[in-house]
Undergrad: 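Take a look at the following structure, please.
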2 protein chains.
Amino acid sequence: MAIQQKKTETELPLDTILAGDCVARMQELPENSVDLIFADPPYNLQLKGELHRPDNSKVDAVDDHWDQFNSFAAYDRFSREWLAAARRILKPDGAIWVIGSYHNIFRVGAALQDAGYWILNDVVWRKSNPMPNFRGKRLTNAHETMIWAAKSDSGKYTFNYEALKALNEGVQMRSDWVLPICSGGERLKDAAGNKAHPTQKPESLLHRVLVASTKPGDVVLDPFFGTGTTGAVAKRLGRHFIGIEREEEYRAVAEARIEAIRRYDRDALQVTQSKRAEPRVAFGTLVERGLLPVGAELRSLNGRHRAKVRADGTLIAHDTKGSIHQVGAVLEGAPSCNGWTYWTFRKGGDWVPIDVLRQQVRAEMSPA
Amino acid sequence: MAIQQKKTETELPLDTILAGDCVARMQELPENSVDLIFADPPYNLQLKGELHRPDNSKVDAVDDHWDQFNSFAAYDRFSREWLAAARRILKPDGAIWVIGSYHNIFRVGAALQDAGYWILNDVVWRKSNPMPNFRGKRLTNAHETMIWAAKSDSGKYTFNYEALKALNEGVQMRSDWVLPICSGGERLKDAAGNKAHPTQKPESLLHRVLVASTKPGDVVLDPFFGTGTTGAVAKRLGRHFIGIEREEEYRAVAEARIEAIRRYDRDALQVTQSKRAEPRVAFGTLVERGLLPVGAELRSLNGRHRAKVRADGTLIAHDTKGSIHQVGAVLEGAPSCNGWTYWTFRKGGDWVPIDVLRQQVRAEMSPA
DNA sequence: GTGAAAGTTGAATCAGGGA
DNA sequence: GTCCCTGATTCAACTTTCA
């Protein structure tokens, strides 16, 4: 015991995926050593039968063995155990994020409070493209809930207020986030073309979580690693990750996925620090959604200037940093500049104004 | 006791506000008598006094956590008591809505599941004009959470699917609702111009709740009535209400408020009905009435299959015999099939769905 | 090639009545 | 309680097919 308490952060298995039960693995790690925990525990869905769409095709339900619990009591026991193990390894100023649906989130939230965590916000992930309710018997289940909590009510948790403000058109980030579900090319498939994991989360969600509540170099642990979205985004953002996953199949997929990831440039990882009022730009949303990769090069419409995209939706050109409008104005020596029409990005062989991406995002968000 | 159990719904104190503790008042009401409960339970008073103690550096962490657990336990006891009393008076097919924030909603949700309620949806009220976070230490708390639950997993709860779809421009209603907070003329003020109640809910929220989950004439009970938003909207929508409120000041405000409310016209209270509500018509009836001759040929909507009508209202196609639904399912290799929309008959030069004949029969059945 | 049309899919506690 | 039958029900995004 005395030996274990002497372990330091340098002994952490950084940037690796541990095999086995998350409680056992966390108990082997040194206490007070991890900056952030992101957890996507099983939801304990209780499905009674098959569900068909109006066209008679069958809905591929989450009926995996790892989501089965015998009772609420059994699920609560499970929650209390992993939450306690997670809290022990968190630094005093560390924090945790847990995601869930109405099936489990109330139980997890209560267990979290009972364990001594201090809730900072509950954050709603509003899905822009959820699965509809096929039988017309309830409301479309169009969101999931995340709880963000500090280790204790005295923890000095990390919150990059200005960075999130920059991501949100220059106004404070709210507790409801509109993001699409994970699909298309981002969705990992096996050799047969089937989804590699039934509940893969979108990278845009983890991007916002990590930009909000970690600093470069921080250690982020995910006890239910799955196919490694947390690790992929952490690596890209220059954070260390530790994954724990029971299923070998998922570990293998995650390993290959993360291996292919490249970290963003050091410049791009610097987020806005200043308290100056940010102009109202939605540019950060393009970055979050992956419409423009962090580190991408933008070119001015007149072809005379170039700039690089940073993680919080600001630009850098030489030693000039700021919003798309600010950087454009400085480079042109002009009092002001509309960055949306000034900057272009490379699309196929052409340079296209970034405003087309904004229109794309608006089209996705407007039905809300 | 025996007398109390014999009470019928006619003995309910309809459209009145009861004074006193909600648990005691609910225990006096007959069981299985109320259609819907809407509850906005307190949380600030319950938690703040006990959790936010003056900053005392002498208190060590263990005591602190023990303290927290104690106050959470007290709140849980309170929740379990009123949820149990509420569940007793609910009709078997009744339902409940509870609204709260991250301070209390996880505890209430877990208690609700433990009490045997069956969660149908969690609904996010996304505030279009929330109060900003002044200190910039967290995300703007821009939503509250409602839980919608049936009395049990076998309860046949009311859900006016088509009405909510109509409210949402023709697409099914989602679990996130964007509505402004209560302000302006709707916000009740006292003589001095101060708000009469700190957490008055907007009528638009209750409007959607009641349109979604009640029918005209239903009984809606609110155990934390406050200034009576639930009663005001219920009266306007032609539902009965029962309010319970401890504070005389709030009761007086609510009384005056509801007195001034006028019910909408009966016509206006009618909402779009689901097809399920229409009377059932047997296919054989069409044959009996001569709307389709025995031996008539039917064709599938996609044109790929044909069948012949038999005297008993069944179909035959090759060697497949059975109902319009069964034969359609077999021919399509589908788990099920709606024969009414699958089969067409020859009318003049066109092939028309047999459903038009069913509508014809329905029109003859109901003189309305 | 290009665009229109058709097909696929996503953490789902998803029916009601009569015999 | 069970079994059986009727018949009501989908949105957005991406992928594939076909004209």
Side-chain angles (χ1 to χ4, degrees), chain A residues 40-64 66-69 72 99-105 125 127-145 180-187 189 193-195 197-202 226 360 363-368, chain B residues 93 113 117-122 149-150 153-157 159 161-162 165 168-175 274-284 322-326 328-329 334-343 355 358:
Chain A
D40 183 9
Y43 287 8
N44 189 25
L45 300 185
Q46 293 158 59
L47 305 173
K48 288 173 173 170
E50 292 186 345
L51 178 63
H52 293 90
R53 303 164 198 272
D55 66 1
N56 277 323
S57 66
K58 187 166 169 283
V59 173
D60 184 14
V62 177
D63 52 3
D64 304 73
W66 47 255
D67 199 45
Q68 309 297 319
F69 293 84
F72 282 138
I99 184 167
S101 68
Y102 67 83
H103 311 85
N104 71 323
I105 197 64
W125 168 27
K127 303 178 183 181
S128 57
N129 51 346
M131 182 160 76
N133 185 298
F134 294 114
R135 306 297 294 260
K137 299 303 295 182
R138 303 182 178 189
L139 301 162
T140 301
N141 200 357
H143 75 276
E144 294 189 26
T145 301
I181 62 175
C182 179
S183 67
E186 187 185 331
R187 187 91 197 200
K189 304 277 172 59
N194 301 311
K195 52 191 175 191
H197 193 285
T199 70
Q200 187 185 341
K201 296 292 175 289
Q360 193 175 323
E364 289 170 17
M365 294 173 77
S366 61
Chain B
D93 294 341
Q113 289 179 307
Y117 291 96
W118 188 246
I119 297 182
L120 301 169
N121 277 116
D122 59 335
D153 63 350
S154 58
K156 301 187 194 323
Y157 57 94
F159 179 50
Y161 173 76
E162 292 292 341
K165 191 171 173 178
N168 197 38
E169 300 188 323
V171 294
Q172 53 180 211
M173 185 67 79
R174 299 165 44 114
S175 56
S274 155
K275 286 184 189 170
R276 273 184 271 255
E278 298 188 58
R280 293 163 77 98
V281 174
F283 178 69
S323 71
I324 52 173
H325 314 295
Q326 291 167 331
S336 68
C337 171
N338 184 345
W340 290 109
T341 53
Y342 179 75
W343 294 108
D355 208 23
R358 178 169 66 161

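Here is the naming used below: chain letters follow the sequence lines, and residue numbers restart at 1 for every chain.
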Undergrad: Using a heavy-atom cut-off of 4.0 Å across all strands, would you classify B:D153 as base, sugar-phosphate, or nothing?
TA: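 It contacts nothing in the nucleic acid.
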
Undergrad: Which part of the nucleic acid, if any, lies within reach of A:S183 when heavy atoms closer than 4.0 Å are counted: base, sugar-phosphate only, or nothing?
TA: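 Sugar-phosphate only.
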
Undergrad: Measuring only the P atom in each nucleotide, how far is C:dA11 from D:dT15? A whole number of Å is fine.
TA: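 Between the two P atoms, the distance is 15 Å.
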
Undergrad: Once rounded to the nearest 0.5 Å, what's the spacing between atom NZ of A:K137 and atom OG of B:S274?
TA: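 Rounded to the nearest 0.5 Å, the NZ-OG separation comes out at 7.5 Å.
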
Undergrad: Students often get this wrong, so: under 4.0 angstrom with heavy atoms, is A:G49 touching a base, only sugar-phosphate, or nothing?
TA: base

Undergrad: Quick one: stems for DNA chain D, with Watson-Crick or G-U pairs under 3.5 Å, at least three in a row?
TA: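 For DNA chain D the paired stretches long enough to count as stems (3 pairs minimum) are C:2-10 with D:11-19, C:15-19 with D:2-6.
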
Undergrad: How far does the P atom of C:dG17 sit from the matching atom of D:dT9, given to the nearest Å?
TA: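 Pairwise P distance, C:dG17 against D:dT9, rounds to 15 Å.
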
Undergrad: Any chance you could measure B:E162, atom CD, to B:K165, atom NZ, to the nearest 0.5 Å?
TA: 5.5 Å

Undergrad: Between protein and nucleotides 4-11 of chain D, map the contacts as a letter string: B base, S sugar-phosphate only, - none, heavy atoms under 4.0 Å, written 5' to 3'.
TA: -SSBBBBB

Undergrad: Would you kindly compare A:K137 and A:D40 by the position of their nearest DNA chain C nucleotide and give the one closer to the 5′ end?
TA: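 So the residue in question is A:D40.
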
Undergrad: Calculate the interatomic distance between A:D64 atom CG and C:dA12 atom P; express it in whole Å.
TA: 11 Å

Undergrad: How long is the line joining OH of B:Y157 and P of C:dC14, in whole Å?
TA: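 Roughly 8 Å, once rounded to whole Å.
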
Undergrad: Report which part of the nucleic acid A:P202 touches: base, sugar-phosphate, or nothing (heavy-atom distance under 4.0 Å, all strands).
TA: nothing

Undergrad: Is any N or O donor-acceptor pair between the side chain of A:K127 and the base of D:dA13 shorter than 3.5 Å?
TA: no

Undergrad: Would you tabulate the nitrogen or oxygen pairs shorter than 3.5 Å linking the protein to nucleotides 15-18 of chain D?
TA:
none

Undergrad: Aromatic rings A:W66 and A:H197: how do their planes relate, parallel, tilted or perpendicular, breaks at 30° and 60°?
TA: parallel

Undergrad: I need the CG-P distance between A:N44 and C:dA12, as an integer number of Å.
TA: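 Result: 14 Å.
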
Undergrad: Roughly how far apart, to the nearest Å, are D:dG7 and C:dA19 at atom P?
TA: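 Looking at atom P only, D:dG7 and C:dA19 are 15 Å apart.
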
Undergrad: In whole Å, what is the span from the NZ atom of A:K201 to the C1' atom of C:dG10?
TA: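 Checked: the NZ to C1' distance equals 11 Å.
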
Undergrad: Without decimals, in angstroms, what is the distance between A:E50 CD and C:dA15 C1'?
TA: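 Roughly 15 Å, once rounded to whole Å.
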
Undergrad: Take atom C1' in C:dG1 and the same atom in D:dC18, then report the distance between them in whole Å.
TA: 13 Å

Undergrad: Assess, by modelled atom type and distance only, whether the side chains of B:S323 and B:H325 contain a donor and an acceptor separated by less than 3.5 Å.
TA: no

Undergrad: Report the distance from atom CZ of B:F159 to atom P of C:dA15, rounded to the nearest whole Å.
TA: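 Going from CZ in B:F159 over to P in C:dA15 covers 13 Å.
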
Undergrad: Drop me the distance from A:E144's CD to A:T199's OG1, to the nearest 0.5 angstrom.
TA: 8.5 Å

Undergrad: How close or far is atom C1' of D:dA12 from atom CD1 of A:I181, stated in whole angstroms?
TA: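 For the pair A:I181 CD1 and D:dA12 C1', the rounded distance is 8 Å.
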
Undergrad: Rounded to the nearest 0.5 Å, how far apart are CZ of B:R358 and CZ of B:R280?
TA: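 So the CZ of B:R358 and the CZ of B:R280 are separated by 9.5 Å.
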
Undergrad: What's B:L120 touching, base or sugar-phosphate or nothing? Going by heavy atoms closer than 4.0 Å.
TA: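 No contact.
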
Undergrad: Grab the CZ-C1' distance between B:R174 and D:dA12 for me, whole Å please.
TA: 10 Å

